[in-house]
Number of protein chains: 2
Amino acid sequence: MSKVAPTLEDVARVAGVSRATVSRVVNGTRNVDPDIQETVRNAIEQTGYTPNRAARSLVTRRTGTVALVISGTSGGSDVFTDPFFGRVTAGVVDFLRGHSVHPVLMLADSDPARTEVVEFLRQGSADGALLVSTHPDDPLPARLVDAGVPSVLYARPGRPMPISYVDMDHRAGGRMAADHLVASGRYNITTISGPMDVLASQDRHAGFRDAMARHGFPYVPTAEGGFTAESGAAAMHQLLTECPDLDAVFAANDLMAQAAVDVLLEHGLRVPDAVAVIGFDDSAPALACRPQLTTIRQPVEKMAAQMADLLLADLEKPGQRPRSAIFEPELVIRASA
Amino acid sequence: MSKVAPTLEDVARVAGVSRATVSRVVNGTRNVDPDIQETVRNAIEQTGYTPNRAARSLVTRRTGTVALVISGTSGGSDVFTDPFFGRVTAGVVDFLRGHSVHPVLMLADSDPARTEVVEFLRQGSADGALLVSTHPDDPLPARLVDAGVPSVLYARPGRPMPISYVDMDHRAGGRMAADHLVASGRYNITTISGPMDVLASQDRHAGFRDAMARHGFPYVPTAEGGFTAESGAAAMHQLLTECPDLDAVFAANDLMAQAAVDVLLEHGLRVPDAVAVIGFDDSAPALACRPQLTTIRQPVEKMAAQMADLLLADLEKPGQRPRSAIFEPELVIRASA
DNA sequence: CTTCGTTTTTACAACGTTGTAAGTGCGCTC
DNA sequence: GAGCGCACTTACAACGTTGTAAAAACGAAG
């Protein structure tokens with residue numbers, strides 16, 4: 001049972017000055033006599049005063065809070081076991097904490113949930129939105145733009161719209177994988193793609209296939225996965241059936257790559273001796289996997305931080321033109337390829 | 001550039017009624033003439049009105065937000081790659097979303113950060129706190145209690161204090177592991193404990209050792225780990241040196257168990273043929289590991305949901321006595337033991 | 001046709017802050 | 001010593017909502 005929170009009024013009474021003076025001391029301290037400042041500070045100390053956030057927000061129209069929205073995922077709440085989202089969260093939290101801004105976590109995996117997100121922001125419960133939207137036909141980005149909510153996307157929007165975003169050159173990543181496999185002398189190269197209704201998957205795949213074609217491999221056996229371990233295992237089985245003499249696999253993320261390795265080993269195929277495997281992302285599973293995965297690094301934490309940075313910049317001076325930041329992937333060579 | 005948000009006043013003008021009436025329609029709709037209700041609803045629709053959260057909070061003293069605080073971790077922000085925290089987050093988010101309450105994510109890994117958390121809550125930026133505090137000497141729980149902030153802990157507090165919490169019977173979990181290993185005929189049983197300054201680690205270890213003693217094994221070779229893969233690998237190496245003929249390892253979490261398996265395999269020791277390995281938690285790595293881990297399941301998501309439930313109950317009717325909920329572990333038998 | 005209850009609506013005072021305009025004191029100039 | 005800036009402080013009106021007390025509308029009863 002806490003004592004009622006002290007207010008500016010209370011502090012002012014104790015210090016023997018007016019509310020406005022106390023307010024000026026609490027915020028930017030301009031034009032306040034040093035002696036009085038001292039007195040007021042003591043009074044604040046003594047009363048244990050803390051400014052009330054709601055009252056402050058009401059007049060400043062700022063909350064010091066942004067929404068971190070995971071949108072367009074089908075799967076519900078097991079998103080948080082996916083290392084990707086953990087990394088996004090880490091990057092965002094890490095950046096924001098230096099700016100005394102706090103993220104509110106929201107899942108927008110259904111239409112009512114999306115409406116709730118829009119409402120939340122229109123109510124002014126948060127100053128802006130950081131949106132991790134995987135599916136190009138996700139209506140949320142457009143709805144946020146329409147509502148005039150300052151927002152930044154992770155990954156470019158499905159259709160062009162005036163909104164800032166960070167992204168990576170996924171095609172370049174796919175290309176790197178192809179180059180590396182070809183350079184290491186593989187001939188029967190296959191790939192496990194991500195879900196084809198995700199832009200990043202399309203890009204990784206396109207980059208990979210283009211580079212393969214340039215290397216003289218016009219056709220690449222492909223199985224579509226869903227970015228999960230199970231789907232990766234299933235895809236690997238499928239590839240082994242269709243193409244028993246394969247000697248390399250490029251998987252569109254590490255989770256699937258790891259599952260692929262397991263399936264290969266079960267079939268008595270040694271990695272990388274018999275089959276080279278290359279993953280994507282360079283997240284925890286890449287290191288946990290035996291052999292450790294050669295993979296294409298996506299600097300997720302940096303990108304997430306940049307996303308937060310763009311949003312804060314927009315909040316700082318509103319109405320700027322949308323900005324984008326594209327990051328480069330990096331080939332990380334370990335044991336699997 | 002969004003048009004200025006419409007206010008109650010605007011809606012009232014359009015509907016030709018007073019603010020208060022509109023307010024009553026928006027909230028609990030008692031004592032409003034159905035015809036007028038209809039008119040007001042249309043006006044709301046037409047103006048695109050959304051209640052302002054700050055103004056509402058100011059008078060109701062509720063924000064519809066709770067803080068989800070990860071406290072006492074040394075490691076900074078790679079917490080989010082630990083499957084445990086992902087599962088906590090998933091459980092919390094999943095429960096809260098059904099109650100239109102949103103979690104604000106906060107890291108309290110330093111003293112200033114802890115102060116910021118307390119300030120945040122005292123400011124009324126959130127209605128209460130969900131605290132995942134691992135170290136028993138973490139000052140945050142006591143500070144929150146002192147500040148009169150409604151809070152619920154994941155894991156019992158280091159020292160008794162009037163605060164609600166959820167926890168698991170970690171001793172029972174340790175016991176189960178011991179029983180299983182002994183029952184399957186192992187003789188040279190060893191263990192990789194969690195960090196000993198964490199209560200859960202102490203309990204798991206104590207339960208394990210007690211049960212071992214009861215089975216006639218008074219001494220169990222032990223190496224202390226830090227719940228990370230690296231520390232697990234190091235601990236496994238240490239055990240192998242001290243005790244080369246070991247035939248079983250109980251690791252205090254799955255991450256370390258997985259690393260232990262890898263080290264064993266590198267040493268040419270087959271799992272479970274030569275050495276049985278049993279983990280703890282039943283999180284993603286347990287399934288990703290080859291062989292899949294036999295482990296002690298901790299129902300993290302359920303516990304996290306319960307934690308949120310307790311907090312919401314306390315917010316609903318404040319001033320109730322603290323409550324606790326203790327969950328039972330479960331032995332999950334897979335391939336590793 | 002008045003009077004009384006009931007139901008519905010309205011006006012108004014909070015809630016705790018910020019920002020602005022008006023005030024107070026004080027030292028300076030002429 | 002009156003007038004004038006300057007530095008600082010104060011009183012007051014927002015901000016958009018909720019809740020309460022007072023007022024209005026409307027039947028029903030006397």
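All chains are named by letter (A, B, ...) in the order of the sequence lines, taking the proteins before the strands, and each is independently numbered beginning at 1. All values derive from a computational prediction rather than experimental measurement.
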Asker: In a check of ring pair (Phe, Tyr, Trp, His ring centres under 6.0 Å) between B/Tyr154 and each of B/Phe327, B/Phe85, B/Phe84, which one passes?
Answerer: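 The passing option is B/Phe84.
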Asker: When you measure from the side-chain N and O atoms of B/Ser57 to the phosphate of D/dT17, is any distance below 4.0 Å, counting only OP1 and OP2?
Answerer: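 False: B/Ser57 side-chain N/O out of range (4.0 Å or more) of D/dT17 OP1/OP2.
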Asker: Expressed as a whole number of angstroms, how long is the span from B/Asp10:CG to D/dG16:P?
Answerer: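 Those two atoms, CG and P, are 9 Å apart.
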Asker: Taking atom P of D/dT10 as reference, at what distance in whole Å does atom CZ of A/Arg13 sit?
Answerer: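 It works out to 15 Å between those atoms.
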Asker: For a quick test of reading the model: is some side-chain N or O of A/Ser18 closer than 4.0 Å to OP1 or OP2 of D/dT10?
Answerer: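 Yes, because at least one side-chain N or O of A/Ser18 sits under 4.0 Å from OP1 or OP2 of D/dT10.
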Asker: Measure the distance from CG on B/Asp35 to C1' on C/dT9 and round it to the nearest whole Å.
Answerer: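 Roughly 14 Å, once rounded to whole Å.
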Asker: Side chains of B/Asn52 and A/Arg61: do they bring a donor and an acceptor to under 3.5 Å?
Answerer: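 Result is no, nothing qualifies.
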Asker: Map B/Ala55 and B/Ala20 onto DNA chain C by nearest heavy atom, then report which one ends up closer to the 5' terminus.
Answerer: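 The answer here is B/Ala20.
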Asker: How long is the line joining CG of A/Asn27 and P of C/dG19, in whole Å?
Answerer: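 Atom-to-atom, A/Asn27 to C/dG19, this comes out as 7 Å.
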Asker: Does A/Gln320, at its CD atom, have more than 12 non-hydrogen atoms belonging to other residues, nucleotides or ligands within less than 6.0 Å?
Answerer: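 Enclosed: over 12 neighbouring heavy atoms sit under 6.0 Å from CD of A/Gln320.
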Asker: Return no unless some side-chain N or O of A/Ser23 is found under 4.0 Å from OP1 or OP2 of C/dT18.
Answerer: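 Result: yes.
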Asker: With the side chain of B/Val59 defined as its heavy atoms from C-beta on, choose the nearest nucleotide among C/dG16, C/dT10, D/dT17.
Answerer: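 In terms of side-chain proximity for B/Val59, the closest of C/dG16, C/dT10, D/dT17 is D/dT17.
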Asker: May I ask you to say what A/Thr7 touches in the nucleic acid, namely base, sugar-phosphate or nothing, with a heavy-atom cut-off under 4.0 Å?
Answerer: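 Sugar-phosphate only.
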Asker: Counting only side-chain N and O atoms of B/Arg61, is one of them less than 4.0 Å from OP1 or OP2 of C/dG16?
Answerer: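 So the side chain of B/Arg61 is within the cut-off, an N or O lying under 4.0 Å from OP1 or OP2 of C/dG16.
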Asker: Go through it in stages, so that I can follow the logic: the residues are A/Phe120 and A/Met106, the test is side chain to side chain contact (heavy atoms under 4.5 Å, CB included), and I'd like the CA-CA distance, side-chain angles, deciding distance and then a yes or no.
Answerer: CA-CA 10 Å; A/Phe120 187 80; A/Met106 305 188 83; 3.8 Å; yes
Asker: Among D/dT17, C/dT9, D/dG16, which nucleotide has an atom closest to any side-chain atom of B/Leu8?
Answerer: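 That would be D/dT17.
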Asker: Provide, to the nearest angstrom, the distance between the CZ atom belonging to A/Arg19 and the C1' atom belonging to C/dA14.
Answerer: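 Rounded to whole Å, this separation is 13 Å.
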Asker: Could you state the atom-to-atom distance from CG of B/Leu58 to P of C/dA14 in whole Å?
Answerer: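 Rounding to the nearest Å, CG of B/Leu58 and P of C/dA14 are 14 Å apart.
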Asker: Run the side chain to side chain contact (heavy atoms under 4.5 Å, CB included) check on B/Glu116 and A/Ser100 step by step: do they pass?
Answerer: CA-CA 9 Å; B/Glu116 203 186 338; A/Ser100 346; 4.0 Å; yes
Asker: May I have the distance from B/Asn52 (atom CG) to D/dC15 (atom P), rounded to whole angstrom?
Answerer: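 Checked: the CG to P distance equals 12 Å.
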Asker: Taking CD from B/Gln37 and C1' from C/dT7, how many angstroms apart are they, rounded to a whole number?
Answerer: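 So the CD-C1' distance, B/Gln37 to C/dT7, works out to 14 Å.
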Asker: Under 4.0 Å between a side-chain N or O of B/Thr60 and OP1 or OP2 of D/dT17?
Answerer: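 No, no such contact exists.
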